Amino acid sequence: MLEELLSGIMAQRREMASSQPSGMQAVNAIEATRRRLLEHGEEAVISEMQQLLQQLSPQACKVLKTLFQAIETSAAYSSNIPPADAAACTKLRAALFSNLPIWVQQIPADQQRLASDVLAVYLSEIGPLSTDSILQLLYACLSAFEQSKPHCCLLLELVPQCLLALADASISAAAGDGGAGAAEGDAAQDDMQAGDAAAVDAASERDKAVSRILCSKGWQAEQIGQILQVFKSITMTKEQVEKAIKKTINACRTASLQLLPPVLYQLMLLSAAGGARATALLGISKLFEHLEGQPSNQVDAEDGCGPLPTRTLKQVEATLLMHISTLLKYDAALGSEWLKWLKTHVSANQFLLQVSFTMSRHHKLEQPVQQLLKKAVQQACEEEAVESTGSTSGWLSSIKATAGKGASVRDLQQGLLRAVRCSEFASELVCPGLVQLASSLP
């Protein structure tokens, strides 16, 4: 049996570690390990490993890890072993990886821990695989996600590692070809071009992988966080990040409210990496506007001034405001980009006003944000005065020509009042900025 074989191998390795054998003794022990493993046979190893996983054996992960260690030890001394044996070890490693997606999908859905432990063993072993094996694994993981197979999001965690391994292989190929070409004079240019082509292939595979994930219909609410974690580990274009933001926001519309804070936090981190911070802010504000409009998320105000968000929704918004406050401390570009966007998007949206007041609590943003809000109020008052008198001013005309019509005084009053009324769990972030704005107005 496989367990007995690997137990014997580990016992032999422990004996070697305790007795400190000579160089020849170590080589002989490694050769004996290789022979025992290869004599057992690739088919037997794969079959018995599958049986252990199907039986949900607690020893499955330990056996799998020991198996990889035995193969790695043999590979480290591949220069001293027959080419056929070295090839057999490489083939066994490739077979273990090619069977991984099937094995993980066969693990029952309620055995998440076992599936995670199995995946953890594999994550550190991708590097030595051949390019063909990496591509096969990459496509299998993507297909499992597209088909919503069991534990498909766990398999998706292998995608960044596969893409990284492909990129490393491309760089190695380019460096090797470049070195060989330098020795052959004119052939160097051709070899460098071949290396560049390999690098382009790795980038192409990355773009195709991202596209397949984005276009998949299997974005379930409870999986969004894992998907965003995967995206954070992949270099993405701004366009790809914006598509991911829009898809995430759409999926969040039907998600449980308790799932939103960590998911939206991950979304803001992803938007920072892709330079799409403003897109994320707009999407989040529209999401909360949608959620607040749902009867299930509304309660009647005691003063009869219209419905307010439920306690749970206000807690979700407050938690996200706290995340935003923390991010502003460590990401200077976040405040700068949001401020630039808000200058042309000042509105009476309750959440955007809460975000603005949260931003004003940070020293570098306090003055420009307060000036922006003050200007919005003054412009609204000016427009209301114009509408009531029927006259206009050159200053107001120039503003309308460049920025368009802003929020009305009534809308801003309602928005500011609602921002305060909904800040029950984030009053320390919202109220100071509002008080400062009120004191600055004539």
Side-chain angles (χ1 to χ4, degrees), residues 261 264 268 277-278 281-282 284-289 291-293 297-299 301-329 334-385 399 403 405-442:
L264 296 178
M268 288 190 292
R277 297 177 176 90
L281 177 60
L282 177 61
I284 292 172
S285 67
K286 288 185 175 180
L287 171 64
F288 283 132
E289 190 173 19
L291 293 175
E292 290 170 6
N297 295 325
Q298 294 178 344
V299 293
E302 294 180 357
D303 55 10
C305 293
L308 291 176
T310 61
R311 184 181 180 89
T312 301
L313 183 52
K314 286 191 287 188
Q315 288 175 331
V316 169
E317 293 175 346
T319 301
L320 192 61
L321 289 172
M322 292 177 187
H323 286 322
I324 288 173
S325 182
T326 301
L327 288 175
L328 288 168
K329 294 179 183 179
L334 177 65
S336 300
E337 286 191 26
W338 281 4
L339 179 62
K340 181 179 179 181
W341 182 83
L342 286 169
K343 286 180 179 179
T344 56
H345 294 80
V346 174
S347 71
N349 179 280
Q350 163 219 317
F351 183 75
L352 288 180
L353 288 172
Q354 289 179 326
V355 170
S356 298
F357 289 131
T358 300
M359 291 171 61
S360 70
R361 294 185 70 252
H362 295 266
H363 179 68
K364 292 183 178 180
L365 297 172
E366 179 181 3
Q367 184 175 359
V369 170
Q370 285 292 329
Q371 288 178 345
L372 176 64
L373 294 173
K374 182 179 179 181
K375 182 178 179 180
V377 174
Q378 290 175 334
Q379 179 181 342
C381 292
E382 176 75 9
E383 288 181 349
E384 185 179 67
I399 288 181
K405 183 177 177 64
S408 67
V409 173
R410 178 178 175 81
D411 289 342
L412 277 175
Q413 287 176 337
Q414 291 180 345
L416 291 169
L417 179 60
R418 189 175 177 84
V420 175
R421 288 158 62 88
C422 295
S423 64
E424 176 182 351
F425 301 99
S427 57
E428 71 279 8
L429 299 175
V430 176
C431 292
L434 179 62
V435 172
Q436 185 177 354
L437 174 63
S439 63
S440 67
L441 294 172

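Keep in mind the model is a prediction, meaning the values are calculated, not measured.
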Partners meeting side chain to side chain contact (heavy atoms under 4.5 Å, CB included) with [X] (sequence neighbours left out):
{"X": "K374", "answer": "Q378, L437, S440, L441"}
{"X": "R418", "answer": "E292, L308, P309, Q350, C422"}
{"X": "Q414", "answer": "R410, D411"}
{"X": "S325", "answer": "T358, R361, H362, L429"}

Taken in chain and number order and not counting sequence neighbours, the residues that satisfy ring-ring contact (aromatic ring centres under 6.0 Å, His included) with H345 are W341
task = Not counting sequence neighbours, which residues clear ring-ring contact (aromatic ring centres under 6.0 Å, His included) with F288? List them please.
result =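 Counting only residues at least two positions away or on another chain, F288 forms a ring-ring contact (aromatic ring centres under 6.0 Å, His included) with F351.
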What I'd like to find out is whether the side chain of [X] reaches to under 4.5 Å of the side chain of [Y], using heavy atoms alone.
{"X": "V369", "Y": "L373", "answer": "yes"}
{"X": "I284", "Y": "M268", "answer": "yes"}
{"X": "Q413", "Y": "L417", "answer": "no"}
{"X": "K343", "Y": "L339", "answer": "yes"}

How would you list all residue pairs meeting salt bridge (charged side-chain N to carboxylate O under 4.0 Å, His left out) that involve residues 346-360, not counting sequence neighbours?
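Residue pairs with at least one partner in residues 346-360: there are none.
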For residues 306-326, the salt bridge (charged side-chain N to carboxylate O under 4.0 Å, His left out) pairs (sequence neighbours left out) are R311-E424, K314-E424
Check: Step by step, would you call F357 with V420 a side-chain contact (heavy atoms from CB on, under 4.5 Å)?
Finding: CA-CA 10 Å; F357 289 131; V420 175; 6.0 Å; no
**OP:** Return yes if some donor-acceptor pair links the side-chain N/O of Q370 with the main-chain N/O of G433 below 3.5 Å, else return no.
**Re:**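 Yes: the side chain of Q370 pairs with the backbone of G433.
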How far apart are the closest heavy atoms of [X] and [Y], and which atoms are they?
{"X": "S356", "Y": "L342", "value": "OG-CD1, 3.7 Å"}
{"X": "V299", "Y": "T310", "value": "CG1-CG2, 3.9 Å"}
{"X": "P261", "Y": "T319", "value": "CB-CG2, 3.7 Å"}
{"X": "L352", "Y": "S347", "value": "CD1-OG, 3.7 Å"}
{"X": "A419", "Y": "L353", "value": "CB-CB, 4.3 Å"}
{"X": "S427", "Y": "P432", "value": "O-CD, 3.4 Å"}

To the nearest 0.5 angstrom, please state how far the [atom1] atom of [X] sits from the [atom2] atom of [Y].
{"X": "L313", "Y": "F425", "atom1": "CG", "atom2": "CZ", "result": "11.0 Å"}
{"X": "Q354", "Y": "C431", "atom1": "CD", "atom2": "SG", "result": "9.5 Å"}
{"X": "L291", "Y": "Q298", "atom1": "CG", "atom2": "CD", "result": "11.0 Å"}
{"X": "L372", "Y": "L365", "atom1": "CG", "atom2": "CG", "result": "11.0 Å"}
{"X": "L328", "Y": "S360", "atom1": "CG", "atom2": "OG", "result": "10.5 Å"}

- Message: The criterion is side-chain hydrogen bond (donor to acceptor under 3.5 Å, both in side chains); which residues satisfy it with Q436, sequence neighbours excluded?
- Response: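 Q436 satisfies side-chain hydrogen bond (donor to acceptor under 3.5 Å, both in side chains) with E366 once adjacent residues are dropped.
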Requested in this report: Using the side-chain contact (heavy atoms from CB on, under 4.5 Å) rule, take M359 and V355 through it: C-alpha gap first, then chi angles, then the decisive distance, then the call.
Outcome: CA-CA 6 Å; M359 291 171 61; V355 170; 3.9 Å; yes
